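Since the model is a prediction, treat every value here as computed from it, not as a measurement.
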Amino acid sequence: RTVIRAPFAGVVAARFIKSGNTIQTGAQAFRVVRLDQLEANLHVPERQIYKLAAGQPAQLTVDAWPGQSFAGEVARISPVVDADTGTVKVTVRLAPAQEQLRPGMFGRLRIVFEQREAALLIPKDAVLVEDAAESVYVITDGVAARRSIRTGFGNDGLYEVTDGLVAGESVVTTGQASLKDGARVEVIPATGS
């Protein structure tokens, strides 16, 4: 004997009552969702929160659509830290018109917090770390020489080199633990190249 109206336009995702039921005030009747304004929540450790800001681009991947990524951006960052977990809640708003996405899906978010153009990258396996000092073996005319370097960001098995190397130099990626300065080496091309 009444009309129930949602405060927004959406789709009924679940119904908790049936026609003819008597319900109490405040009881849940329906679950209504908006598919045009999906958001994803994640909890970021407080030590990394300084890297994030509203408006940063984000990419979402979901198991239901392997190989695809969906665009979004950081919408909000909670002003408080959860004392139990030491994390901060970050909300990412996903771009509209991505019909494959559904509320409740499990996904992974990748937030781009800084970009470096024309960065010099080397494989992480090439870097030797001893007493917090980083170095690589550089090959010149078939001879290996150890050289100190400084690395920046790391991602997908690669390190950014900020100092100590120039583009085009060859570095040892396998077997460098047994090398010494001045050792002669044979360059073996990577398979598939």
List the steps, then state whether side-chain contact (heavy atoms from CB on, under 4.5 Å) holds for Thr162 with Thr151.
-> CA-CA 5 Å; Thr162 59; Thr151 60; 6.0 Å; no
Would you indicate whether the side-chain heavy atoms of Val88 and Asp82 approach each other to under 4.5 Å?
-> no
Can you measure from OG (Ser170) to CD1 (Ile122) and round to the nearest 0.5 angstrom?
-> 12.0 Å
In Å and rounded to the nearest 0.5 Å, what is the CZ to CE distance from Arg102 to Met105?
-> 6.5 Å
Spell out, yes or no, whether Leu120 and Phe153 are grouped together once hydrophobic residues are joined by side-chain heavy atoms under 4.5 Å, including indirect joins.
-> no
Within a radius of less than 6.0 Å around OH of Tyr50, do more than 12 heavy atoms belonging to other residues, nucleotides or ligands occur?
-> no
Looking only at side chains, do Glu39 and Thr91 share a donor and an acceptor under 3.5 Å apart?
-> no
Verify the cluster assignment for Val129 and Tyr159: are they in a single hydrophobic cluster under the rule of side-chain heavy atoms below 4.5 Å apart?
-> yes
dist Gln28:CD -> Phe16:CZ (nearest 0.5 Å) comes out at 4.0 Å
In Å and rounded to the nearest 0.5 Å, what is the CG to CG distance from Leu94 to Leu60?
-> 5.5 Å
Which atom pair, heavy atoms only, marks the closest approach of Ile77 to Ala54?
-> CD1-N, 4.2 Å
Spell out, yes or no, whether Leu165 and Leu128 are grouped together once hydrophobic residues are joined by side-chain heavy atoms under 4.5 Å, including indirect joins.
-> no
May I ask you to decide if Ala53's main-chain N or O and Gln56's side chain share a donor-acceptor pair within less than 3.5 Å?
-> yes
Side-chain contact test, heavy atoms from C-beta onward, threshold under 4.5 Å: evaluate it for Pro103 versus Leu38 and give yes or no.
-> yes
Are Arg108 and Thr61 close enough that a side-chain donor and a side-chain acceptor fall under 3.5 Å?
-> no
With the side chain counted from C-beta on, respond yes when Val127 and Asp125 share a heavy-atom pair under 4.5 Å apart, and no when they do not.
-> no
Do Leu42 and Val92 touch side chain to side chain, with heavy atoms closer than 4.5 Å?
-> yes
CD of Gln48 to CD1 of Ile111: how many Å apart, nearest 0.5 Å?
-> 10.0 Å
Arg15 versus Arg31: any side-chain heavy-atom pair under 4.5 Å?
-> no
Would you name the heavy atoms of Glu160 and Leu121 that are closest together and state the gap between them?
-> CA-CD2, 3.8 Å
Criterion side chain to side chain donor-acceptor pair (under 3.5 Å) on Ser135 and Arg146, from CA distance to verdict = CA-CA 7 Å; Ser135 62; Arg146 191 167 185 156; 2.8 Å; yes
Quick check: are there more than 12 heavy atoms from other residues, nucleotides or ligands sitting under 6.0 Å from CZ of Arg110?
-> no
Output for pair (Gln59 CD, Leu109 CG), nearest 0.5 Å, gives 9.5 Å
Would you call Gln37 and Arg93 a side-chain contact if the rule is heavy atoms closer than 4.5 Å?
-> no
Is any side-chain heavy atom of Phe106 less than 4.5 Å from a side-chain heavy atom of Val62?
-> no
Partner of Tyr137 under side-chain contact (heavy atoms from CB on, under 4.5 Å), picked from Val143, Val172, Val171, is Val172
Side-chain heavy atoms of Thr87 within contact of Lys89, under 4.5 Å = no
Arg147/Glu134 salt bridge by N-O under 4.0 Å criterion = no
State plainly whether one hydrophobic cluster holds both Val11 and Phe8, where clusters connect Ile, Leu, Val, Met, Phe, Trp and Tyr through side-chain heavy atoms under 4.5 angstrom apart.
-> no
In terms of hydrophobic clustering (I, L, V, M, F, W, Y; side-chain heavy atoms under 4.5 Å; direct or indirect links), are Val166 and Ile149 co-clustered?
-> no
